[in-house]
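It should be emphasised that the depicted structure is a prediction, and the values quoted were computed from it without experimental measurement.
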Amino acid sequence: ADLVSQRNTKPVAVLSRTKERAVSFGSKYGVPVDGCYDDMDAMLADPRVQIVYIATPHTRHVEESIRCLEANKHVLCEKPLALKASDAQRVYAAAK
């Protein structure tokens with residue numbers, strides 16, 4: 001929620017395990033229903049999405065960060081990014 005209060009930012013999409021959860025969460029922050037997703041590929045295909053904030057369980061951070069970077073999205077990931085240096089290097093390589 002702190003990101004929403006920043007100037008020049010506007011949430012345009014949310015992703016959750018179900019569409020209903022996405023809509024429930026998104027409605028609290030002004031995300032339109034067409035920006036509420038239960039499918040990461042669909043969200044990443046949305047041209048409105050420029051930055052992805054990853055707040056999933058840490059065991060998914062590496063793969064989700066790489067998927068977002070491969071979709072040419074900027075990534076802000078909660079810590080830890082990775083549990084192993086080799087995984088962090090994979091994310092770094094995807095970001096180059």
Distance (rounded to the nearest 0.5 Å) between R17 CZ and D38 CG: 11.5 Å
Reported NZ-to-SG distance for the pair K73 and C68, which is rounded to 0.5 angstrom: 9.0 Å
ILVMFWY network linking V23 to F25, side-chain heavy atoms under 4.5 angstrom: no
Where P80 and H61 come nearest, the two heavy atoms and their spacing: O-ND1, 2.7 Å
Non-hydrogen atoms of D39 and A42 that approach each other most closely: OD2-N, 2.7 Å
More than 12 heavy atoms from other groups under 6.0 Å of CD on Q50: no
Apart from M40 itself, residues in the same hydrophobic cluster as defined by side-chain heavy atoms under 4.5 Å: V12, L15, Y37, M43, L44, V49, V52, I54, V62, I66, L69, V75, L81, V91
Test ring pair (Phe, Tyr, Trp, His ring centres under 6.0 Å) applied to Y92 - qualifying residues, sequence neighbours left out: none
Where S16 and A22 come nearest, the two heavy atoms and their spacing: CB-N, 3.6 Å
Minimum heavy-atom distance R48-G35, with the two atoms named: NH2-CA, 3.6 Å
E63: salt bridge (Lys or Arg N to Asp or Glu O under 4.0 Å) partners, not counting sequence neighbours: R90
